[in-house]
Amino acid sequence: MARIALSSSLAPYTDGVLELELEVANVRQLFQALGERYPELRAHLGAGLAVAIDGEIYQDALLQPISHDSDVILITKIAGG
């Protein structure tokens, strides 16, 4: 199963859970699985997050594949000017 780490800013929506393992094939499935497990998190998945898969950061990654041994980190995007 892929190892998933969540940004600490998401902790209020996951009852404090910041690490878990899930069997998903891509980022879209990851967001779906997280939304089912943590309904309050649903509204925060997507545009405001970047996804790092095995050390590579993706801004718009819904179809990006996730393998069973991947390390995935959900990172809150930083706005800048």
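- By the criterion of side-chain heavy atoms lying less than 4.5 angstrom apart, applied directly or through intervening Ile, Leu, Val, Met, Phe, Trp or Tyr residues, Ile75 is not grouped with Ile66; the two fall into different hydrophobic clusters.
- Applying the side-chain hydrogen bond (donor to acceptor under 3.5 Å, both in side chains) definition to pairs two or more places apart or across chains, those involving residues 3-12 are Arg3-Asp71, Ser7-Ser9, Ser7-Thr76, Ser9-Thr76.
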Full working for side chain to side chain contact (heavy atoms under 4.5 Å, CB included) between His68 and Glu23: CA-CA 6 Å; His68 70 280; Glu23 190 68 41; 3.8 Å; yes
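- Under a hydrophobic clustering in which Ile, Leu, Val, Met, Phe, Trp and Tyr are joined whenever their side-chain heavy atoms come within less than 4.5 Å, directly or via other members, Leu34 and Leu63 fall into different clusters.
- Nearest heavy-atom pair, Ser67 versus Ala2, reported as atom, atom and distance to 0.1 Å: O-CB, 3.7 Å.
- Under the 4.5 Å side-chain heavy-atom criterion for Ile, Leu, Val, Met, Phe, Trp and Tyr, Met1 and Leu20 are members of distinct hydrophobic clusters.
- Heavy-atom neighbours of Ile57 CD1 from other residues, nucleotides or ligands within 6.0 Å: at or below the threshold of 12.
- The 12-atom threshold is not exceeded at CD of Glu19, counting heavy atoms of other residues, nucleotides or ligands nearer than 6.0 Å.
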Step-by-step side chain to side chain contact (heavy atoms under 4.5 Å, CB included) determination, Leu22 to Val72: CA-CA 10 Å; Leu22 293 172; Val72 181; over 6 Å; no
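- Under the 4.5 Å side-chain heavy-atom criterion for Ile, Leu, Val, Met, Phe, Trp and Tyr, Ile73 and Tyr58 are members of distinct hydrophobic clusters.
- Residue pairs meeting the salt bridge (Lys or Arg N to Asp or Glu O under 4.0 Å) criterion with at least one member in residues 26-36, sequence neighbours excluded, do not occur.
- If you take CG on Asp15 and CD on Glu40, they are separated by 7.0 Å, rounding to the nearest 0.5 Å.
- Asn26 contributes atom CG, which lies 9.0 Å from atom CD of Gln64 (distance to the nearest 0.5 angstrom).
- The shortest non-hydrogen separation linking Asp69 to Asp54 is O-OD1, 4.4 Å.
- For the atom pair Leu74 CG and Leu45 CG, the distance stands at 7.0 Å (nearest 0.5 Å).
- Nearest approach of Ile53 to Pro65, heavy atoms of both residues: CD1-O, 3.8 Å.
- For Phe31, there are no ring-ring contact (aromatic ring centres under 6.0 Å, His included) partners, not counting sequence neighbours.
- We find the OH-CG distance between Tyr13 and Leu6 to be 12.5 Å, quoted to the nearest 0.5 Å.
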